[in-house]
Structure formats: C-alpha cells, structure tokens
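Only this structure's heavy atoms are used, side chains among them; waters, hydrogens and symmetry mates stay out. To find a chain, count down the sequence lines: A is the first, B the second, and so on, and within it residues start at 1.
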Amino acid sequence: MAELVSPSAAGPSYGKTQRRDTWWVEIIPVVVLLGGFGAYATLRAFEGRFYEWGPYLSPLYSPLIDPNHHWWPFSPALLILAGPLGFRVTCYYYRKAYYRAFFLDPPACAVSESRHSYRGETAFPFILQNVHRYFLYLAVLFLVFLWRDAIHAFFFDGSVGVGVGTLVLLGNVILLSIYTLSCHSLRHLSGGKLDCFSCAAFGGPRYKTWQWLSVLNQRHMLWAWASLLSVGFADLYVRLVSCGAIRDVRLH
Amino acid sequence: MAEAVLQIFRGDSKGGAAKECHVPLAPGMVVLDALHYVQAHQLPDLAVRWNCKAGKCGSCSAEVNGHPRLTCKTRMDALPLDKPITIFPMKSFPVIKDLVTDVSWNFRVNKKIPPFQPRAGAEWKFDQKDVDRVQEFRKCIECFLCQNVCHVLRDHGKKEEFGGPRFFVRVAGLEMHPMDGASRAALLRKELGIGLCNITKCCTEVCPEEIHITDNAIIPLKERVVDEFYDPLLMLVRKIRGAK
Ligand code: SF4
Ligand code: SF4
Ligand code: FES
Ligand code: FES
C-alpha cells in the first residue's frame with residue numbers, strides 16, 4: 001500500500017477514510033427513524049381525522065384548534081405543528097443527528113467530506129438554530145396542554161377510569177416532559193449561565209436545579225428518541241382506536 | 001511468536017508512502033511500543049514524538065487504522081491483526097517528518113484568548129461547588145486529537161476563522177470560573193468562530209481525557225453567545241437597564 005498523503009489537505013471526495021469499521025452503519029438508524037417519523041407525521045398531520053376517541057386526543061393534534069372548520073379549512077394539526085417541530089429541529093441533539101445522517105457533514109468522524117463552502121451555523125439558514133430557547137418556551141406551553149390531555153384521558157363519560165389509551169397518553173407526556181427538562185438551553189438558563197453560584201441571587205436553588213437538569217441532560221439523546229417514538233405510538237394508537245381498527249381495552 | 005504487520009507513514013510535507021514493518025507481539029504492548037521496536041530494529045530514523053508513555057503528555061497522537069488516537073494508550077491486542085495496522089500522522093496538521101506533525105497553529109490560536117482576569121474588587125472567596133465544573137476542562141493534555149478530527153479544520157480547512165474544540169475547552173474553563181471578570185463571548189463569535197461548530201461531537205468521541213467537550217464546553221458557550229448576541233429579549237433587557 002503505497003498511499004500518498006498530502007498533509008493537511010482535505011480529502012477530495014465523500015467517504016474517504018482509513019477507517020476499516022463499518023462507520024456508515026451509525027447513520028442508518030437515524031435515517032430510518034427520523035425519515036420514517038417525518039413521513040408518518042406529515043401524512044397524519046394532513047389527514048385531518050381519526051385524531052380523537054372518547055377522552056383521548058392524539059398528541060399531534062393537541063391543542064385542538066377549530067376542529068369544526070369555522071375559519072380554518074385544513075387539518076387542525078397544521079395550526080400547531082410548527083411548535084413541536086421547531087423545538088426538535090433546533091434541538092442540539094437532533095442537529096448533530098441530521099447534520100451527520102442527512103447532510104453528511106461529517107458522515108462520521110475522520111471520514112472525508114468534499115470541501116464545499118461550509119458556513120456551519122454562522123449563516124442563514126442554520127444561524128436560526130440560535131433561537132432554540134424560544135422553541136423551548138413554546139414546548140413548555142405545549143406540555144401544559146398535553147398534561148391536560150393526559151388527565152382528561154382518565155374521564156370516560158363522567159366516570160373515572162383507566163384504558164390502555166390513558167396509559168399510552170400518560171407515558172407519552174412523561175417522556176416528553178423528561179425530554180424537555182433535559183434540554184441544553186434549559187440547563188443553561190436554569191443555572192449554567194452563572195459563573196459563580198454562591199455569589200448569585202437564588203444561587204443555591206439554581207445550582208441544585210442545574211445539577212438535576214445536568215443529570216437528565218447526560219441522556220438527552222435517549223430522551224429525544226424515546227419521546228419521539230412515544231409521540232408516534234400515541235398518535236397511532238388513537239388513530240387505530242378512532243377508526244375502529246382496534247378496540248381500546250378498559251383496565252379499570 | 002505472534003507478530004503484527006504495521007503500515008507506517010514515512011515522508012514529510014511533500015508527501016510520502018506507507019512502509020511495511022513486522023513486529024513481534026508482547027503482552028500488554030501498545031502501538032507506541034511497536035513503533036519503538038521498529039525504531040530499534042528496522043528504521044532508526046523513524047520520527048515519533050512521545051514523552052510519558054502514560055497518556056498524560058499528549059505528544060504521541062496519530063491515526064491508527066484511521067482512528068485518531070494516543071499511540072501510547074492504544075493496545076495492540078485491541079486491534080485486529082488479520083490486516084496490516086496503519087499508523088499515519090494527524091491529517092489536519094502539516095507533517096514535519098513521518099509521524100511528527102507541526103501543531104504550532106494551536107499555540108497561535110491560544111494567544112488570541114485573554115487569560116484569567118480577576119473580577120475587580122471581588123473578595124477572593126468562593127465555594128467548592130463554584131469550581132467543580134471547571135475541573136473537567138483542566139484535564140486537557142493538549143494532545144490536539146480533537147482539533148485533528150474536527151471536520152471544520154480537517155475537511156473545511158478553516159484554520160483562520162475557527163479556534164477548534166481544544167480552545168473552546170480552555171475558554172469554558174475561564175468563562176465559568178467564579179473569579180474571572182472578562183467576557184469572551186465576542187471573541188468566541190468572531191475570532192474563534194464557534195458558530196462554525198455544528199456540534200457533531202467527533203471531538204468528544206476522540207478525547208483521551210474523556211472531557212465532554214461538546215456537552216459541557218461548546219454548547220454552554222454557544223448558549224452564552226446567544227445570551228449576548230442572538231436573544232432579542234435579553235438584548236432589550238440590557239438596553240433598558242443600560243439606559244437607566
Ligand atoms: S462538535 Fe464542533 S468542535 Fe467538536 S468536532 Fe464537531 S464541529 Fe468540531
Ligand atoms: S480536549 Fe481532549 S482531545 Fe482535545 S486536546 Fe484536550 S485532551 Fe486532547
Ligand atoms: S437541546 Fe434538545 S431539546 Fe433543547
Ligand atoms: S506519550 Fe505521553 S501521551 Fe502518549
């Protein structure tokens with residue numbers, strides 16, 4: 001192997017590397033799961049029906065606005081989707097995942113890219129990632145509605161009960177809450193931005209909060225995937241019950 | 001005795017080629033031992049930089065089978081022996097000779113960073129919890145493996161506009177220090193180009209000191225840059241406060 005290296009030069013083409021492991025395997029789950037969820041959620045958002053049954057409301061349609069089409073002729077999901085979508089698109093973890101898997105920038109560590117004009121997050125559109133914290137504020141608002149839906153799912157025609165759907169919606173909102181609490185921006189705002197915890201106003205409680213959120217933050221990737229799958233599953237469950245494909249089982 | 005076949009880069013800034021060498025394996029052997037064996041028995045002029053052989057001086061960085069690694073911390077028995085093991089110099093820095101690269105660009109970046117500046121008039125007293133966080137950043141051994149693997153430098157060649165993960169680690173250690181009074185947010189945004197980092201985490205993956213470079217240094221610094229330059233609400237609050 002008399003391979004020449006031209007020092008400090010970028011590889012001329014994508015995928016050039018001396019790595020021997022199957023580095024491209026890393027991006028396959030991201031492409032499949034993110035791509036699959038994206039396609040499913042788009043179809044469901046445009047479908048505009050089968051989003052509620054009994055006390056259950058699909059998380060893709062919550063909060064439900066103008067379901068009877070007084071002023072909005074399209075699917076009500078389209079009115080609210082920008083919130084959760086923006087939160088995930090600007091999330092630090094998902095950014096890593098899709099920059100690697102969809103933009104191949106880089107495809108994997110120590111694997112070449114072509115030397116296109118790279119601006120990272122310094123120019124439009126990616127400079128907009130800096131607004132992530134505003135999507136966090138929105139996400140907290142959405143959580144309020146989703147908790148309301150989860151509690152609502154315990155009330156069947158005036159009587160308190162538990163169905164499989166109740167547990168599905170409850171599990172979903174718990175995972176979404178953990179995902180939101182583990183957000184990097186929240187970790188910063190809660191206390192990470194302080195240079196000196198003991199000198200700041202409310203420094204003690206902010207330090208404690210920052211510490212707890214940091215513990216959750218270490219698993220941010222896990223919460224990101226778990227909550228994405230739970231949203232998809234909760235919606236699918238409500239859809240199947242709503243269109244009559246399966247029957248909701250009452251546990252209590 | 002079992003032996004390993006190595007393909008070691010031989011050359012300089014003009015180019016070069018891999019040379020095949022055979023090394024008998026010994027228990028506990030690391031790649032740096034194998035290189036020393038080659039130096040002693042086959043290629044006496046093989047250029048290798050090293051100092052401690054204990055993973056602490058950060059000198060022996062190279063690319064083993066395409067992975068940026070400390071050669072003194074890479075065990076031979078962890079590598080597949082069915083094919084030759086490639087040992088190449090770090091790709092992002094100019095080769096001086098064989099496995100030795102010129103990393104002086106890093107020292108020039110370092111000079112751009114204002115050192116620790118005590119807060120004016122502050123009492124020199126702080127709690128342990130105030131400094132726990134910056135301890136992690138002080139573990140850096142300046143092996144520059146993170147700089148080498150970072151695609152902003154490695155593939156996009158942004159050495160003029162980008163400081164690189166190692167220096168975000170250094171800035172994080174200064175910015176989060178309870179007694180430091182300087183702000184380096186503008187420096188991070190402009191001269192060190194932190195916006196060029198797209199948080200794809202290769203630096204974290206290669207760091208031999210297991211510093212959480214992206215999660216604990218870069219992302220918190222990006223958030224501080226947002227505080228300063230991209231958050232309209234905070235900018236308004238500062239305006240109102242400043243106007244008073
Ligand atoms: S996370 Fe940023 S600094 Fe680290 S390797 Fe990736 S682009 Fe470079
Ligand atoms: S941060 Fe880690 S990888 Fe980078 S120079 Fe320091 S020890 Fe090496
Ligand atoms: S960083 Fe992932 S949700 Fe904020
Ligand atoms: S020789 Fe010191 S780190 Fe490898």
Which atoms of [X] come close to chain A, meaning under 4.5 Å heavy atom to heavy atom: side chain ones, backbone ones, both, or neither?
X	result
B/Arg119	side chain
B/Ile194	neither
B/Asp132	side chain
B/Asp231	both
B/Glu205	side chain
B/Arg133	side chain
B/Cys150	neither
B/Lys125	neither

Check: Rounded to the nearest 0.5 Å, how far does CG of B/Asp227 lie from CG of B/Leu221?
Finding: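 If I round to the nearest 0.5 Å, the distance is 11.0 Å.
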
Margin query: Please rank A/Val111, A/Asn217, A/Ile127, A/Val131 by heavy-atom pairs under 4.5 Å with chain B and give me the top one.
Written below: A/Ile127

Item checked: A/Tyr179: which of A/Phe87, A/Phe142, A/Trp225 passes ring-ring contact (aromatic ring centres under 6.0 Å, His included) ->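 Answer after filtering A/Phe87, A/Phe142, A/Trp225: A/Phe87.
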
Next item on the list: Considering only heavy atoms and a distance below 4.5 Å, find which of B/Cys202, B/Gly193, B/Pro220, B/Cys203 pairs most often with chain A.
Entry: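 Of the candidates given, the most pairs with chain A belong to B/Cys202.
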
Check: With respect to chain A, which residue among B/Pro178, B/Gly195, B/Pro80 yields the maximal number of heavy-atom pairs within a distance under 4.5 Å?
Finding: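 Of B/Pro178, B/Gly195, B/Pro80, B/Gly195 has the most heavy-atom pairs under 4.5 Å with chain A.
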
Check: For A/Phe103, is it the side chain, the backbone, both, or neither that has a heavy atom closer than 4.5 Å to a heavy atom of chain B?
Finding: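 For A/Phe103, no heavy atom lies under 4.5 Å from chain B.
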
Notebook entry, point to check: Which region of A/Asp105, side chain (C-beta onward) or backbone (N, CA, C, O), has a non-hydrogen atom less than 4.5 Å from a non-hydrogen atom of chain B, or is it both or neither?
Noted result: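 Both backbone and side chain of A/Asp105 come within 4.5 Å of chain B.
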
Next item on the list: Given side chain to side chain contact (heavy atoms under 4.5 Å, CB included), test A/Tyr137 with A/Leu189 step by step and report yes or no.
Entry: CA-CA 11 Å; A/Tyr137 306 149; A/Leu189 295 163; 3.7 Å; yes

Next item on the list: Inspect the surroundings of CH2 in A/Trp72 and state if more than 12 heavy atoms from other residues, nucleotides or ligands are less than 6.0 Å away.
Entry: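 Correct, the count exceeds 12.
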
Check: Can the positive tip of B/Lys129 be found less than 6.0 Å from the middle of the six-membered ring of A/Tyr207, inside 45° of the ring normal?
Finding: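 Output yes; distance and angle both within limits.
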
Note to self: Please determine whether a side-chain nitrogen of the Lys or Arg among A/Arg119 and B/Glu161 lies less than 4.0 Å from a carboxylate oxygen of the Asp or Glu.
What the structure shows: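 Counted as a salt bridge, because a side-chain N and a carboxylate O are separated by less than 4.0 Å.
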
Next item on the list: Before accepting this row, confirm whether a basic side-chain N of the pair B/Arg154/B/Glu63 lies closer than 4.0 Å to the acidic partner's carboxylate O.
Entry: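 Looking at B/Glu63 together with B/Arg154, the answer is yes, because their closest N to O distance falls below 4.0 Å.
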
Item checked: Identified side-chain hydrogen bond (donor to acceptor under 3.5 Å, both in side chains) counterpart of B/Asn106 within the set B/Gln147, B/Lys159, B/Arg166 -> B/Gln147

Note to self: A side-chain contact here means heavy atoms from C-beta on lying under 4.5 Å apart; do A/Cys109 and B/Val206 qualify?
What the structure shows: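 The answer is no, as the side chains (C-beta and beyond) never meet within the 4.5 Å cut-off.
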
